[in-house]
Amino acid sequence: MSKVQREYLALDIGASSGRLILGRLGARLDLQELARFPNGPVDIGGSLQWNVVGLWEHIVNALRQAGRIGLRGVDGIGVATWGVDFGLLGADGRLIGAPLCYRDGITRGMDRAIADAIPREEFYRLTGMPPSLIGTLPQLCGLKRRGGADRLKIARTLLLMPDLLRYLLCGRVGVDVTAAGSTLMTNVRTGQWCPRVLSALGIPRRILPRILEPPVVAGRLDPALAERTGLGRVPVIVVAGHDSLSAAAAAPYADNDTAFISCGTWSVVGRLQPHPITSREALARGFVNELGVSSILFARNMTGLYLFENLRRTMQAAGEKVSYAAMIREAGRAKPFQAFLDPGAPEFFATDDPWRAAKAFLRRTGQRAPRTRAGVVRLLLEGLAFSHRAGIRDLEALTGARFKRVSLVGGGSRNALLCQMTADAAGLDVVAGPAEATAIGNLVLQAAATGGLSGPEAARELVRRSFRLQTHRPRGADRWQREAERFAE
């Protein structure tokens with residue numbers, strides 16, 4: 001690692017908010033949040049879309065804020081967002097309409113359409129993923145069948161969300177491999193677009209750009225944008241654009257003894273490994289193979305703190321002033337194991353009211369709802385901890401690993417109650433942090449692209465040196481084991 005301090009800007013954009021973070025790299029990596037802005041899908045005429053125009057305005061204003069504090073000539077800018085969703089560009093290089101949200105109803109039934117075109121086991125062997133409602137492919141199939149075929153006819157280029165924003169920054173077209181891996185259209189062994197899938201589902205190959213292997217410099221900040229923001233012609237770097245894979249790059253431990261959990265809106269339970277696993281058993285247990293940075297993230301994706309976040313929004317909309325800290329504190333005092341909620345149940349997939357969805361789930365499963373919202377919050381967190389436990393157990397069965405600890409990163413690492421529940425449920429130490437894993441992964445990959453870091457192990461050692469990690473040791477594992485059996489029932 002160079003002794004000269006380097007500075008990088010990370011755009012870290014999630015489904016509910018975005019941030020611009022400055023990373024200063026010397027002996028340690030220091031973070032400074034420069035701007036925060038809202039994000040979220042908008043229902044327009046029954047179609048759930050991303051307000052990419054408003055999002056871009058927030059991004060430009062954030063970059064101008066960086067310029068105002070004198071950050072001209074930083075060493076790089078990188079973008080990480082969620083996967084799956086995409087924008088279509090016309091022949092003039094401009095966006096055709098607003099990108100759809102992965103929760104939009106256009107994908108309804110498209111998992112069956114994909115499985116009809118390619119048998120599930122063959123599709124899984126090819127892509128490392130099962131046919132699903134969540135992916136770029138089901139959206140494209142939905143567009144073809146439900147009034148969007150004209151958009152595909154005039155489209156020249158498809159860009160995943162991180163690639164679309166990077167294109168707007170520097171004008172260079174390309175899809176990073178981690179984002180491409182979320183499309184259900186790549187070959188998991190070659191890391192390239194899969195001809196069999198494209199042909200069987202009628203997806204035009206001409207709209208798919210070349211796939212890029214991060215970390216690499218894509219170009220420089222557009223001249224007009226460089227002048228407008230005051231940042232100059234900063235290098236724009238291809239990082240792990242898919243946020244889960246960016247977070248994996250910042251995990252402080254990634255050895256054979258450690259299971260990985262990225263816990264935010266979604267929970268991703270898995271481990272990094274050199275090769276995919278596409279057996280029948282892996283398919284049956286719901287695991288996917290995500291294309292990472294020179295690796296595969298073999299993982300199970302499940303609903304995470306999405307329900308917890310939406311419950312808070314629901315309470316605030318009803319006039320209750322409540323903070324995350326207060327919700328966690330009250331849930332900690334609530335009676336444990338009053339009932340069991342499965343966060344992956346259909347009631348919770350796209351609900352704006354988790355309280356109502358929880359009551360519906362409990363009625364359907366013959367359970368009594370807690371009398372207080374604190375009780376429901378506890379059920380949600382317990383359900384997530386049980387899901388983490390099940391994911392870890394299945395991961396051990398499929399890989400032959402025997403884990404000694406869990407590296408839990410992302411926003412969920414700040415939730416000490418959830419971390420302790422996960423430790424108790426799994427019977428393993430949970431090393432919590434860093435919370436800013438997606439942004440940190442973005443920054444360390446920029447450093448690797450520009451000579452600031454030598455590779456993945458140097459990055460993990462830097463993370464351990466730079467950020468406070470908290471270890472939660474299991475307590476009461478026997479009771480959690482008994483309750484886990486009831487949860488499974």
Side-chain angles (χ1 to χ4, degrees), residues 1-14 16-39 58-59 61-81 162 165 214-215 229 231 234-237 239-254 262-265 293 324 407-416 431-453 456 458-470:
M1 184 174 63
S2 171
K3 295 180 181 178
V4 178
Q5 187 179 72
R6 297 169 183 251
E7 294 180 322
Y8 301 94
L9 292 171
L11 281 162
D12 175 21
I13 301 171
S16 59
S17 67
R19 299 169 308 153
L20 179 66
I21 292 178
L22 170 65
R24 289 193 172 95
L25 176 60
R28 294 162 41 92
L29 178 63
D30 295 312
L31 306 184
Q32 180 183 352
E33 184 179 294
L34 301 181
R36 180 181 288 266
F37 44 87
N39 188 35
H58 286 307
I59 288 171
N61 287 336
L63 295 176
R64 290 177 67 189
Q65 171 65 17
R68 280 195 293 268
I69 64 172
L71 286 178
R72 187 176 181 87
V74 297
D75 294 276
I77 298 176
V79 185
T81 74
L165 296 175
T229 60
L231 290 172
V234 176
V236 178
I237 299 171
V239 296
H242 188 183
D243 49 12
S244 297
L245 281 303
S246 186
Y253 300 98
S262 175
C263 183
T265 301
V293 180
Y324 286 132
S407 177
L408 191 152
V409 305
S413 68
R414 292 194 180 104
N415 188 328
V431 181
E436 308 292 353
T438 301
I440 294 166
N442 183 332
L443 293 165
V444 298
L445 286 169
Q446 289 188 61
T450 57
L453 283 171
R460 298 191 197 287
E461 196 280 328
L462 175 68
V463 170
R464 294 193 294 269
R465 187 169 67 241
S466 301
F467 302 99
R468 180 176 176 270
L469 308 176
Q470 183 172 0

Participant: Between R28 and R465, is there a donor-acceptor pair closer than 3.5 Å when you use the side chain of the first and the backbone of the second?
Facilitator: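 The answer is yes, because a donor-acceptor pair under 3.5 Å joins these two groups.
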Participant: My understanding is that only residues two or more places apart in sequence, or in another chain, count here; which of them pass side chain to side chain contact (heavy atoms under 4.5 Å, CB included) with A458?
Facilitator: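 Checked A458 against side chain to side chain contact (heavy atoms under 4.5 Å, CB included); matches are L453, S454.
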Participant: Between R24 (side chain only) and D30 (backbone N and O only), is there a donor and an acceptor less than 3.5 Å apart?
Facilitator: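 Side chain of R24 to backbone of D30, a donor-acceptor pair under 3.5 Å: no, none is there.
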Participant: Is there a side chain to side chain contact (heavy atoms under 4.5 Å, CB included) between R460 and V463 once you walk through the steps?
Facilitator: CA-CA 5 Å; R460 298 191 197 287; V463 170; 5.5 Å; no
Participant: Going by atom type alone, with no hydrogens or angles, which donor-acceptor pairs under 3.5 Å involve a side-chain atom of residues 239-246 and a protein atom two or more places apart or on another chain?
Facilitator:
{"unit_1": "H242", "atom_1": "ND1", "unit_2": "E290", "atom_2": "OE1", "d": "3.4"}
{"unit_1": "S246", "atom_1": "OG", "unit_2": "T438", "atom_2": "O", "d": "2.7"}
{"unit_1": "S246", "atom_1": "OG", "unit_2": "N442", "atom_2": "N", "d": "3.2"}

Participant: What residues form a salt bridge (Lys or Arg N to Asp or Glu O under 4.0 Å) with E33, not counting sequence neighbours?
Facilitator: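 By the salt bridge (Lys or Arg N to Asp or Glu O under 4.0 Å) rule, E33 matches R19, R36.
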Participant: Once side chain to side chain contact (heavy atoms under 4.5 Å, CB included) is applied, do any residues pair with P456, and if so which ones, sequence neighbours excluded?
Facilitator: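 If we apply the side chain to side chain contact (heavy atoms under 4.5 Å, CB included) test to P456, skipping adjacent residues, there are no hits.
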Participant: Can you tell me how far the OG1 atom of T450 sits from the OH atom of Y8, to the nearest 0.5 Å?
Facilitator: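 OH of Y8 is found 2.5 Å from OG1 of T450.
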Participant: Does some side-chain heavy atom of L11 sit less than 4.5 Å from a side-chain heavy atom of I59?
Facilitator: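 Touching, per the 4.5 Å side-chain cut-off.
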Participant: With sequence neighbours excluded, tell me which residues meet salt bridge (Lys or Arg N to Asp or Glu O under 4.0 Å) with R72.
Facilitator: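 Counting only residues at least two positions away or on another chain, R72 forms no salt bridge (Lys or Arg N to Asp or Glu O under 4.0 Å).
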Participant: Between D75 and A447, is there a donor-acceptor pair closer than 3.5 Å when you use the side chain of the first and the backbone of the second?
Facilitator: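 No.
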Participant: In sequence, state the C-alpha distance, the side-chain angles, and the governing distance for F467 and L31, and then conclude on side chain to side chain contact (heavy atoms under 4.5 Å, CB included).
Facilitator: CA-CA 10 Å; F467 302 99; L31 306 184; 3.8 Å; yes
Participant: Given side chains that start at C-beta, do those of L469 and P434 come closer than 4.5 Å, heavy atoms only?
Facilitator: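 Answer yes - side chains close enough.
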Participant: Quick one: closest heavy-atom pair of A27 and L462, and the distance?
Facilitator: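 The pair with the smallest heavy-atom distance is O-CD1, 3.9 Å.
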Participant: What heavy-atom pair brings S413 and A432 nearest, and what distance separates the two atoms?
Facilitator: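 Closest heavy-atom pair between S413 and A432: O-CB, 3.8 Å.
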Participant: Rounded to the nearest 0.5 Å, what separates atom OG1 in T229 from atom CD in Q65?
Facilitator: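 Interatomic distance, T229 OG1 to Q65 CD, rounded to 0.5 Å: 12.0 Å.
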Participant: Would Y253 and V431 count as a side chain to side chain contact (heavy atoms under 4.5 Å, CB included) here? Give the steps.
Facilitator: CA-CA 9 Å; Y253 300 98; V431 181; 4.2 Å; yes
Participant: Output the distance between atom CG (L20) and atom NE2 (H58), rounded to the nearest 0.5 Å.
Facilitator: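 L20 atom CG to H58 atom NE2 measures 13.5 Å (nearest 0.5 Å).
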Participant: Looking at CD of E7 and CG of L22, how far apart are the two atoms once the value is rounded to the nearest 0.5 Å?
Facilitator: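 Interatomic distance, E7 CD to L22 CG, rounded to 0.5 Å: 5.5 Å.
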Participant: Within this structure, what is the CG-CZ distance for the pair L25 and R6, rounded to the nearest 0.5 Å?
Facilitator: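 L25 atom CG to R6 atom CZ measures 7.5 Å (nearest 0.5 Å).
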Participant: Determine the minimum heavy-atom distance between A249 and V444, stating which atoms define it.
Facilitator: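 Distance-wise, the nearest heavy atoms are O-CG2, 4.2 Å.
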Participant: Could you pull out the closest heavy-atom pair between G410 and A437, with the gap in Å?
Facilitator: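 Looks like N-CB, 4.0 Å.
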Participant: From the options L34, V79, V234, select the one residue that forms a side-chain contact (heavy atoms from CB on, under 4.5 Å) with L9.
Facilitator: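 That would be L34; it is the only one of L34, V79, V234 passing the side-chain contact (heavy atoms from CB on, under 4.5 Å) with L9.
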Participant: Could you tell me which non-hydrogen atom of I237 sits nearest to which non-hydrogen atom of A449, and how far apart they are?
Facilitator: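 In terms of heavy atoms, the two residues are closest at CG2-CB, 3.8 Å.
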Participant: Could you check if a side-chain atom of I77 sits within less than 4.5 angstrom of a side-chain atom of L231, using non-hydrogen atoms only?
Facilitator: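 Yes - at least one pair of side-chain heavy atoms lies under 4.5 Å apart.
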Participant: Can you list everything that forms a side chain to side chain contact (heavy atoms under 4.5 Å, CB included) with R414? Sequence neighbours excluded, please.
Facilitator: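 Scan of R414 (side chain to side chain contact (heavy atoms under 4.5 Å, CB included), adjacent residues dropped) gives A435, E436.
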